Every structure is written in C-alpha cells, then in structure tokens.
2 protein chains.
Amino acid sequence: MDKNEDLRVIRSRRLIEDAFFTLVEEEGIEAVTVRKLTAQAGINRGTFYLHYQDIYDLMEKMEDRIMEQMKQLPVKSGPQEMLSAEMKGEPFPSIAQFIDFMNEEHRFFQVFFAQEGALFGKRLRVLIQDSIVDKIPKPLLTSEPLPVPADYIVAYFSSAHFGVIKHWFNTGRALPPYDLAVTLTRLIKDGPLLTALNQQPANRLSES
Amino acid sequence: MDKNEDLRVIRSRRLIEDAFFTLVEEEGIEAVTVRKLTAQAGINRGTFYLHYQDIYDLMEKMEDRIMEQMKQLPVKSGPQEMLSAEMKGEPFPSIAQFIDFMNEEHRFFQVFFAQEGALFGKRLRVLIQDSIVDKIPKPLLTSEPLPVPADYIVAYFSSAHFGVIKHWFNTGRALPPYDLAVTLTRLIKDGPLLTALNQQPANRLSES
DNA sequence: CTATAAATCAACACTATGTTCATTATGAGG
DNA sequence: CCTCATAATGAACATAGTGTTGATTTATAG
C-alpha cells in the first residue's frame with residue numbers, strides 16, 4: 001500500500017497545490033498562510049501538516065516535481081537534428097520541447113516568473129530596466145517590421161544587462177566599478193557577439 | 001520643527017535600516033520580523049511603528065529614497081560626451097555614474113539583487129539558466145582571453161533568454177509557443193543584433 | 001467486509017502583529 | 001540654561017498564525 005497511491009492522499013495534495021496557485025494569483029505569494037490555504041482548499045488545517053512541513057516545504061516539493069520532469073525531458077536534439085531544423089527554419093527541437101513543457105505547466109511557471117523579484121524593489125526593477133532600455137540603439141526597435149516582436153528584443157536587452165549588474169553583485173563586486181562600466185558600454189555598443197570576439201581592446205581593460 | 005530634522009528620529013530610522021540589512025544578510029528576507037528587527041536595532045518595538053506601518057512599508061520607503069536619488073543623478077551624457085568617450089575607449093559617463101551610485105549604495109543593492117527570485121524556485125532558476133547556458137555557442141566562451149570576463153558573457157546570455165521567457169509569461173503567453181521557440185532559436189543562433197536586422201525570415205514566423 | 005491509515009476536530013503553547021496609554025528622556029529653540 | 005514639545009519607552013491588550021497532540025470519524029485498498 002503505497003502512500004502515493006492512496007486516493008485520499010492524491011486528492012488532498014491536489015487540493016493543496018490548486019489552492020496555493022489560486023491564493024498566489026489572488027493575493028501574492030507573501031499573503032499565503034496555511035490557514036487561508038487550507039480554507040481555500042476546503043480541508044482541515046491539520047491535513048496540510050500531514051503532507052508538508054510548512055509553506056516553503058510545499059513550494060520546494062512542487063519545485064522538485066517540476067525539476068524532475070524537466071530533467072527527464074527526452075533530449076531530441078543531436079547536432080544533426082539541429083542542422084536539419086536550421087535548414088527548414090524551424091526551432092531547435094530541444095527549445096521547442098522546453099517551451100511546450102512550460103506551456104503545459106503554465107500555472108506553475110506563471111507564478112514562478114510573476115514572483116521573480118516581486119518581494120522587494122518591484123518598482124526599482126522597472127526603473128532600472130527602463131533606464132537600460134533608454135540605452136538601446138533606437139534603430140533596432142523602430143526600423144521596419146521585425147522578424148521577432150520588438151517587445152521581445154527589449155526584454156532580451158534589458159534583462160541581459162540587468163543580469164550583468166546582478167552578476168556583479170552576486171560575485172561580491174570583485175570587478176572594479178570602472179571595468180564593469182567599460183564592459184556594459186561595450187555590450188551596449190557592440191553587442192555580446194562582437195564584444196566576445198573582438199580581441200583588440202582586451203589590454204585596455206583595467207588599465208586605469 | 002521638522003520631523004525629518006529631529007536627531008532622535010534620524011537616529012531611530014538609521015538604526016532600523018541598518019538592522020534590516022544586517023538581518024537580511026544573516027537570515028534572508030523571509031525571516032525578518034518587526035520583533036527581531038527592533039531587537040537587533042536595540043530600540044523599542046513600538047518605536048518601529050512610529051515610523052513605518054510594517055516591514056513592507058519600510059522596504060518601500062527605502063526603495064523610494066533610492067529611486068529618488070537615481071532619478072536625480074545628473075545626466076552627464078549628451079551625444080557629444082558619448083562620442084568622445086567612445087573615442088577614448090572609456091565607458092559612457094551615464095553608465096559609469098549609474099554604477100558608481102550602485103556601488104556607493106551597495107548594501108541596498110546587494111540585498112536587492114540577492115533576493116531577486118530567492119523566495120520561490122531558487123534552484124529551478126539555476127536549472128533553467130544552466131540549460132540555457134548549454135545552448136550558448138561554445139567558441140564564444142573558450143576562445144582566447146576575452147575583452148570581458150567569460151562569466152559576464154554567460155550572465156549576459158542566460159539572463160537575456162531567461163528574461164525573454166519571463167516576458168512571455170508576463171504577457172499572458174500571447175505569442176504561440178511555436179513562435180516563441182522560433183524567436184529563441186534565432187536569438188541563440190544569430191544573436192539579437194542579426195535577429196533584429198535580418199528581415200528576410202520575417203514572413204516565416206507563425207506560418208505553421 | 002474489514003483492517004489500516006487518512007482526514008477531521010478541538011485544544012494546546014508559542015510567537016508575531018498592531019494598537020493604546022501612561023511615563024520617561026531628550027533635543028530644538030528661545 | 002531652561003522649558004516645552006515630542007520622541008522613545010514599557011507594559012498590556014486583542015487578534016491571528018504556527019505547529020503539535022490525541023481522540024474520533026471516515027474512506028479506501030485489498
């Protein structure tokens with residue numbers, strides 16, 4: 001008799017997970033309590049503790065499940081598949097797979113991405129991103145119909161540079177601020193491709 | 001007699017903000033309570049409520065202050081300054097300014113960036129970023145000494161693509177999954193610059 | 001049909017919140 | 001230097017959430 005096969009267990013867990021998403025969607029992740037959760041789910045508060053230690057444990061277990069599934073996505077893309085996809089103008093199979101999965105589990109990922117950075121400095125994030133967007137060469141965004149939507153290009157650049165600054169902090173600001181400024185300037189001016197391949201100015205870095 | 005000029009007020013607020021950062025650094029943002037905070041600050045719990053409604057109000061007020069300062073950063077970079085900076089291989093003045101400010105307020109930004117996405121799906125974020133990193137053309141990272149550190153290039157790409165996917169969710173998954181897959185594939189294959197400028201395959205999008 | 005285990009219910013001690021009110025202290029301005 | 005306004009303190013309060021326990025009811029696997 002496996003615990004994971006008992007109908008009652010399965011039902012309780014499903015009710016709890018559903019209630020979690022509903023609550024987060026309605027009130028945000030910081031408003032979730034065990035009381036509200038079980039009330040929403042229509043089950044006894046004690047039942048929650050039969051399955052999870054606390055809210056964080058619940059989130060971890062859901063994360064576990066998603067991660068497990070993602071790791072086990074059949075890897076359809078050897079080099080030859082990627083080549084043939086490229087010929088036909090189709091997306092790489094592994095990418096398409098990836099996105100299909102997230103689309104199927106959209107309730108989870110919707111919350112996951114919505115809560116990203118929502119707890120602290122929500123408006124500040126926007127301000128930083130906007131000030132980055134200002135630095136994007138305008139021709140890129142205004143010229144003719146794009147092969148991909150302009151807002152995706154904006155998301156790409158702003159997120160990229162935001163991530164670079166974040167990386168700087170996450171590595172203890174080891175790079176001198178001036179060097180970071182140079183790095184960002186180059187990335188903005190030349191784009192990552194040229195920046196990475198252009199060896200010439202390498203020696204210029206950190207000289208000041 | 002202005003409330004913001006009373007030494008006692010200034011002292012209390014400083015103690016509270018300092019205690020906040022200390023607590024977050026030690027135990028993470030979700031562990032912060034008014035009790036611990038005021039204990040750490042060495043002030044009465046009631047005093048906290050004389051200045052802030054709750055923890056979120058405190059965070060908002062700190063955010064306000066930082067945002068105000070950022071908006072008032074003197075904009076040193078007209079087109080001519082950017083040009084002259086480009087000549088000399090120096091960073092754009094506005095960028096350097098931006099980064100200097102964040103460096104000065106590093107206690108705030110350290111917490112801000114560290115808490116980004118820390119509440120939910122921390123490990124999942126890493127998994128997604130890693131699986132994106134796998135898709136980055138290897139030559140970019142392994143060839144010769146780079147003009148900018150390789151880890152910054154990795155941060156740039158992974159953050160960029162992560163941001164694109166996030167944007168997809170934040171816009172209600174309006175773009176069909178297949179189109180998103182095509183978009184991502186192009187961005188990975190050609191980079192944003194080529195993708196944005198290359199008009200040819202525009203009509204191919206959404207045809208399937 | 002029945003034995004097992006899940007779910008419920010009520011109660012518990014504990015901790016945090018946000019508010020109030022009387023009291024103490026301290027700094028701003030004359 | 002004084003004094004008055006007010007910031008800070010301390011104690012108490014009601015309310016709400018947490019996590020646990022033990023007895024009881026209910027549902028399901030076999």
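From a predicted model like this one, the values you see are computed outputs, not experimental measurements. Within every chain, numbering begins at 1; the chains are lettered A, B, ... in the order of the sequence lines, protein sequences first and strands thereafter.
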How long is the line joining [atom1] of [X] and [atom2] of [N], in whole Å?
X     : N      : atom1 : atom2 : value
A:R11 : D:dA29 : CZ    : P     : 12 Å
B:L7  : C:dA25 : CG    : C1'   : 14 Å
A:N44 : D:dG19 : CG    : P     : 15 Å
A:I10 : D:dA29 : CD1   : C1'   : 12 Å
B:D54 : C:dT19 : CG    : C1'   : 14 Å
B:I55 : C:dT15 : CD1   : P     : 18 Å
B:E5  : D:dA7  : CD    : P     : 13 Å
A:I43 : D:dT26 : CD1   : P     : 18 Å

Can you tell me if CZ on A:R123 sees more than 12 non-hydrogen neighbours from other groups inside 6.0 Å? yes
How about B:K122: does its NZ atom have over 12 heavy atoms from other parts shown lying under 6.0 Å from it?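 Not buried by this count: 12 neighbours or fewer within 6.0 Å.
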Does B:S12 make a side-chain N or O approach to OP1 or OP2 of D:dA8 shorter than 4.0 Å?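 For D:dA8, OP1 or OP2 has a side-chain N or O of B:S12 closer than 4.0 Å.
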Looking at B:H51, I'd like to know whether one of its side-chain N or O atoms comes within less than 4.0 Å of OP1 or OP2 on D:dA7.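 For B:H51, the contact criterion (side-chain N or O under 4.0 Å from OP1 or OP2 of D:dA7) is not met.
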Look at the rings of B:F108 and B:F21 and say which category their plane angle falls in: under 30° parallel, 30 to 60° tilted, over 60° perpendicular.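 Perpendicular, since the angle between the ring planes exceeds 60°.
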Considering only NZ, NE, NH1 and NH2 on the basic side and carboxylate oxygens on the acidic side, decide whether A:E17 and A:R107 come within less than 4.0 Å.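 A:R107 and A:E17: not salt-bridged.
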Would you indicate which nucleotide in [options] comes nearest to any side-chain atom of [X]?
X     : options               : value
A:D6  : D:dT18, D:dA7, D:dA29 : D:dA29
A:T33 : D:dA8, D:dA29, D:dG17 : D:dG17
A:R45 : D:dT9, D:dT18, C:dT17 : D:dT18
B:L50 : D:dA7, C:dG27, C:dT8  : D:dA7
A:Y49 : C:dT17, D:dT20, D:dA8 : D:dT20

Pick the nucleotide of DNA chain C nearest each of A:G46 and B:K36; which residue has the one closer to the 5' end?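 Comparing both residues, the 5'-ward one is A:G46.
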Is the distance from the ring center of B:H167 to that of A:Y156 below 6.0 Å?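 Judged by ring-centre distance (under 6.0 Å), B:H167 and A:Y156 do not meet the cut-off.
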Quick one: does B:R8 reach the base of D:dA8 with a side-chain donor-acceptor pair under 3.5 Å? no
